[in-house]
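Let me begin by presenting the structure, written as structure tokens, before commenting on it.
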Amino acid sequence: MSSDFTLRPFRFSDREDLVAGLNNWSVAKWLIPVPHPYRLDHADEFIADQRDDGVSMAVCQNDRVIGSVSCDGRRVFGLWLAEPYWGQGIMYRASRTVLDLVPTCQGDAILTSSAIHDNVRSRALLRKLGFVEDGTRTVMSVPLQREVLLIDYRM
């Protein structure tokens, strides 16, 4: 599989790609607020809710959504990538692009992120991007339907 990708805003035509990527349990179990199973109405709501108070970029290959990188107006950084694309360096490069080029994610304000404590891949990626651990907390995971330990990060 090619590790080439593009970044662009989400479109309503991305709804089926979102469902395909987020319905994979290997992806969904790490995403605290994302419902599982993820349906077309969830994708429609997500796409319609894109605001100008931050950036939410579709990570695409051949114009098909394979993931997302976002930095909201509260300076919270988030990401996900469809499982077939793991381990190719795509998410690091996509994240670095968003962090380097999007003014919403720059400036003096602290940028934060988090990962479930046993999500080794995401925690390693956040550290590689320059985030440092900033404590822990317990939160309710929507897909897991139980509380999980979350590691908070800051940059």
Side-chain angles (χ1 to χ4, degrees), residues 1-86 88-107 109-116 119 121-123 125-126 129 131 137-148 150-155:
M1 230 173 267
S2 170
S3 61
D4 293 339
F5 69 92
T6 56
L7 294 172
R8 64 164 171 73
F10 283 94
R11 312 185 281 235
F12 277 104
S13 59
D14 296 329
R15 58 201 299 262
E16 291 182 10
D17 291 343
L18 283 168
V19 170
L22 293 170
N23 262 338
N24 180 330
W25 183 246
S26 295
V27 174
K29 68 183 179 181
W30 303 119
L31 304 174
I32 297 298
V34 177
H36 188 80
Y38 194 82
R39 303 181 314 254
L40 286 173
D41 60 310
H42 295 130
D44 291 342
E45 183 178 329
F46 170 78
I47 294 167
D49 196 38
Q50 301 302 294
R51 300 184 203 109
D52 292 332
D53 66 346
V55 62
S56 183
M57 301 297 286
V59 179
C60 300
Q61 196 169 75
N62 300 318
D63 207 36
R64 301 295 305 261
V65 174
I66 62 169
S68 174
V69 179
S70 64
C71 179
D72 70 16
R74 297 173 296 137
R75 298 203 185 299
V76 176
F77 182 76
L79 50 92
W80 69 269
L81 186 67
E83 186 178 17
Y85 303 92
W86 293 357
Q88 299 178 36
I90 293 171
M91 192 48 68
Y92 174 78
R93 290 180 294 125
S95 297
R96 190 76 267 150
T97 299
V98 170
L99 291 171
D100 289 345
L101 300 178
V102 179
T104 303
C105 294
Q106 297 175 353
I110 294 172
L111 184 63
T112 63
S113 193
S114 59
I116 295 176
N119 186 344
R121 288 177 178 270
S122 288
R123 292 183 62 205
L125 176 60
L126 289 171
L129 289 167
F131 285 87
R137 59 192 159 109
T138 303
V139 298
M140 182 59 138
S141 165
V142 173
L144 295 174
Q145 291 295 296
R146 65 176 168 81
E147 288 188 339
V148 294
L150 206 62
I151 310 291
D152 288 322
Y153 290 85
R154 66 178 164 75
M155 181 185 284

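The shown structure was predicted, so the numbers you read here are calculated from the model rather than taken from an experiment. We number each residue from 1, following the sequence as shown.
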Any residue meeting side-chain contact (heavy atoms from CB on, under 4.5 Å) with Val76, in chain and number order, not counting sequence neighbours: Asp72, Arg74, Thr112
Residue pair Leu111 / Arg154, side-chain heavy-atom distance below 4.5 Å: no
Neighbour count above 12 (heavy atom, 6.0 Å) for Glu45 CD: no
Which atom of Arg75 lies closest to which atom of Ile110, heavy atoms considered: CB-O, 3.6 Å
Ile32/Leu150 under side-chain contact (heavy atoms from CB on, under 4.5 Å): CA gap, chis, key distance, verdict: CA-CA 9 Å; Ile32 297 298; Leu150 206 62; 4.0 Å; yes
Value rounded to 0.5 Å, distance of CG in Leu31 from CD1 in Ile116: 7.5 Å
By side-chain contact (heavy atoms from CB on, under 4.5 Å) - contacts of Ser56 (at least two apart): Phe10, Phe46, Gln50, Ser68, Ser70
Spatial distance of atom CG (Leu129) from atom CE (Met155) [nearest 0.5 Å]: 6.0 Å
Closest approach of Phe77 to Val69 (non-hydrogen atoms, all atoms of both residues): CE1-CG1, 3.5 Å
Would you tabulate the side-chain donor-acceptor contacts of residues 19-26 under 3.5 Å, counting partners in other chains and residues two or more places apart, or write 'none'?
residue	atom	partner	partner atom	Å
Asn23	OD1	Tyr38	N	2.5
Asn23	ND2	Tyr38	O	2.8
Asn24	OD1	Ser26	N	2.7
Asn24	ND2	Glu83	OE1	2.8

Shortest non-hydrogen contact from Pro35 toward Val142: CA-CG1, 3.8 Å
All ring pair (Phe, Tyr, Trp, His ring centres under 6.0 Å) counterparts of Tyr153, not counting sequence neighbours: none
Sequence-distant partners of Arg93, side-chain contact (heavy atoms from CB on, under 4.5 Å), two or more places apart: Ser3, Phe5, Ile90
Closest non-hydrogen atom pair, Val65 against Asp17: N-OD2, 3.0 Å
Euclidean distance, Phe131 CZ relative to Ser114 OG, rounded to 0.5 Å: 10.0 Å
CE on Met140 to CD on Gln145, rounded to 0.5 Å: 5.5 Å
Separation of Ser122 OG from Met91 CE (nearest 0.5 Å): 8.5 Å
Pairing residues for Arg15 by the side-chain contact (heavy atoms from CB on, under 4.5 Å) criterion, not counting sequence neighbours: Leu40, Ala43, Asp44, Ile47
Exceeds 12 heavy-atom contacts within 6.0 angstrom, atom CZ of Arg11: yes
Ala115 to Leu126 - nearest heavy-atom pair and separation: CB-CD1, 4.2 Å
More than 12 heavy atoms of other groups within 6.0 Å of Glu147 CD: yes
Audit row: Arg8, Cys60, side-chain contact (heavy atoms from CB on, under 4.5 Å) steps and yes/no: CA-CA 8 Å; Arg8 64 164 171 73; Cys60 300; 3.6 Å; yes
Nearest-0.5 Å distance that lies between atom CG in Leu144 and atom CH2 in Trp30: 8.0 Å
Minimum-distance pair of heavy atoms, taken over all atoms of Leu81 and Val27: O-CG2, 3.6 Å
